[in-house]
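Note sheet for the following structure.
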Amino acid sequence: MPTEFTSLDDLSIGLNELSESGEKDLFYSPVSDGTTIIAVQYDQGVILGADSQTSRGRQLVSTKTRFKLARLHERIFCGTSGRCADSKAVLEVIKNRLHLKGIIEDSAPRVRVAAHIASKLCYEHRNNLETSLIIGGWDPVEGPQVYAIPIGGMMTQLPVAAGGSGSTYIYGYIDSMYKPGMSREECIRFVSNCVSLAMSRDSGSGGVIRLVAIDKDEANRMVLAGDEIPKFYQG
Amino acid sequence: MSSIGQGYDLSASQFSPDGKVFQVEYAQKAVENSGTILALRGSDGVVFAVEKFVQSKLHRQEANSVTRLFSIDEHIGAAVAGILTDSLALVEYARDDAAEYREDHGIPVPLRVLANRVADYAHAHTLYSAIRPFGVNMILASVEAGIGPQIFMIEPSGVVYGYRGVAAGKAKQTAHTEIEKLKLGDMTCDDLIKEASRIIYVCHDETKDKPFELEMSWVRAEEQKHLRLPDNKLKEADAHGKQALEEQDSDSD
């Protein structure tokens with residue numbers, strides 16, 4: 001029985017084997033983000049980090065390099081986890097509303113407003129949606145902010161928030177290593193370490209580490225791939 | 001301003017040959033018949049003052065029974081001139097709109113956004129023959145973090161402008177002349193309440209108009225809320241206004 005799938009074309013061969021062994025997990029699972037997403041706020045800005053793997057069930061890595069940090073507006077980004085289709089649908093709505101709002105009101109939309117719109121959507125459709133968001137950004141009114149919107153649509157503002165399947169493996173690390181007042185560089189290192197540690201323990205997380213650093217002046221996208229990913233005890 | 005409509009003034013859905021919508025002009029006339037209202041923007045907030053005619057001595061004294069000052073949301077105040085019932089309808093629309101914005105966006109509505117939306121609503125009433133324009137000038141003011149104090153005024157045509165100081169109603173011309181003399185940017189609300197009261201008293205026409213009561217409120221950076229003037233401040237402003245009037249009267253003897 002083949003244990004590696006190198007392309008989606010191979011699935012037709014794999015299907016028979018799978019159904020014989022009773023493992024329907026692969027084909028009947030929607031594409032979802034086994035994921036690690038994390039955001040941390042510092043004095044002048046926000047750092048968001050995420051892995052880049054999507055899976056179907058826990059057997060097929062359907063995408064190795066997905067962008068999980070979506071741009072909602074110039075200085076507002078959103079990490080998503082959960083069912084991919086739900087994440088995308090919610091992101092599109094928020095993006096369009098923020099875009100229109102920015103034009104009509106002639107000013108940059110506030111991060112709080114983006115988070116509120118997201119939370120309202122997720123709550124109103126909580127019976128149909130399975131998506132969990134972390135929104136981070138900077139605006140002229142409140143500066144840097146991070147909001148967590150878990151499944152169900154509750155919105156909380158936090159200095160550091162993590163989500164997705166991988167996050168469960170790193171809460172200990174976050175609790176022990178996060179301290180308020182870190183610099184931008186310390187935050188980037190902290191976020192990269194978090195994602196790396198999660199990726200190595202969570203089968204649903206993997207690929208490369210995507211980072212977005214947002215402050216007053218820019219939203220800078222970065223990638224850590226291969227050797228650049230922080231290394232830890234590999235057992 | 002006494003142009004005859006000549007049949008083009010019967011509905012708001014018609015232009016006259018010289019490009020006027022007479023219904024809107026007539027609505028503006030309704031505002032000009034009303035008591036004077038004004039708003040002044042200082043360094044730390046905005047002050048409202050209203051020349052409230054006392055229609056009957058039997059009216060209850062509390063401000064809420066007959067008033068031309070309203071809070072649209074906690075942080076936004078409104079003063080209205082014109083047909084009172086039209087004003088109440090517009091205030092209700094503004095309140096609903098502000099509340100809906102809060103619900104949808106999670107933040108209090110920015111003043112500029114609200115002013116534009118209320119103006120659009122007023123404008124919508126100038127397009128059709130089945131409804132008439134609002135006979136209201138509404139002055140909206142607020143103090144917002146990062147922006148400071150702001151004043152907007154909406155007219156029956158649906159036009160809205162921002163102001164440093166503005167008046168509407170009977171004596172708006174006289175009031176504007178007085179307002180232009182002030183160095184508003186250098187004055188605090190404590191200074192402005194006296195000036196506002198003085199202008200209302202000076203503009204009031206003793207011979208032609210009913211007796212009036214001074215109504216005042218402010219929105220200050222300190223509280224970021226629209227509040228009626230505390231009793232002691234109102235008395236102080238009122239006394240200042242009366243005194244200024246006496247001095248003016250004695251000057252002109």
Side-chain angles (χ1 to χ4, degrees), chain A residues 44 72-73 75-76 78 90 92-126 133-150 152-158 161 215-216, chain B residues 41 44-45 72-76 78 93-124 138 140-154 158-163 219-225:
Chain A
Q44 265 92 47
L72 295 181
H73 206 263
R75 298 279 179 278
I76 308 176
C78 177
V90 169
E92 280 306 302
V93 174
I94 305 171
K95 230 196 306 195
N96 286 331
R97 287 192 61 188
L98 286 183
H99 177 75
L100 196 58
K101 208 173 126 63
I103 292 174
I104 290 176
E105 297 183 13
D106 201 18
S107 60
R110 288 169 58 169
V111 188
R112 179 178 295 277
V113 172
H116 182 92
I117 292 171
S119 136
K120 208 160 180 259
L121 265 172
C122 288
Y123 178 73
E124 277 168 6
H125 301 281
R126 63 191 181 282
L133 312 169
I134 295 181
I135 293 182
W138 183 95
D139 68 51
V141 179
E142 288 183 74
Q145 301 140 74
V146 170
Y147 296 90
I149 301 155
M154 190 182 89
M155 169 178 134
T156 30
Q157 184 180 7
L158 299 161
D215 61 25
K216 177 162 78 84
Chain B
R41 184 185 85 176
D44 65 340
I72 303 301
D73 195 333
E74 276 186 333
H75 62 300
I76 297 179
Y93 175 81
R95 283 176 171 165
D96 282 343
D97 203 64
E100 195 185 306
Y101 189 98
R102 235 186 222 270
E103 159 114 18
D104 285 342
H105 296 90
I107 55 169
V109 61
L111 179 62
R112 196 188 52 214
V113 173
L114 179 74
N116 280 322
R117 284 156 81 123
V118 175
D120 278 349
Y121 185 69
H123 170 252
M138 179 184 272
L140 292 166
S142 179
V143 181
E144 285 165 335
I147 300 176
Q150 280 185 300
I151 299 173
F152 290 92
M153 185 167 80
I154 300 156
V159 105
V160 59
Y161 295 120
Y163 295 90
V219 193
R220 296 191 302 174
E222 202 178 305
E223 297 103 359
Q224 304 237 337
K225 282 191 164 67

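Protein chains get the first letters and strands the later ones, always in sequence-line order, with residue 1 at the start of each.
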inquiry  = Do A:Glu142 and B:Ile107 make a side-chain contact, defined as non-hydrogen atoms from C-beta onward lying under 4.5 Å apart?
reply    = no

inquiry  = Quick one, B:Asp104 with A:Lys101, criterion side chain to side chain contact (heavy atoms under 4.5 Å, CB included). Give me CA distance, side-chain angles, the key distance, then yes/no.
reply    = CA-CA 12 Å; B:Asp104 285 342; A:Lys101 208 173 126 63; over 6 Å; no

inquiry  = Taking atom NZ as the centre, does B:Lys225 end up with more than 12 heavy-atom neighbours from other residues, nucleotides or ligands that are less than 6.0 angstrom away?
reply    = no

ask   = Where on B:Arg102 is there a heavy atom nearer than 4.5 Å to chain A: the side chain, the backbone, both, or neither?
value = backbone

query = So what's closer than 4.5 Å to chain A heavy atoms on B:Glu103: side chain, backbone, both or neither?
reply = both

Non-hydrogen atoms of B:Pro110 and A:Glu105 that approach each other most closely = CG-OE1, 4.3 Å

ask   = Heavy-atom distance under 4.5 Å between the side chains of A:Arg110 and B:His105, does that happen here?
value = no

task = Could you tell me which non-hydrogen atom of B:Gly106 sits nearest to which non-hydrogen atom of A:Arg112, and how far apart they are?
result = O-CD, 4.2 Å

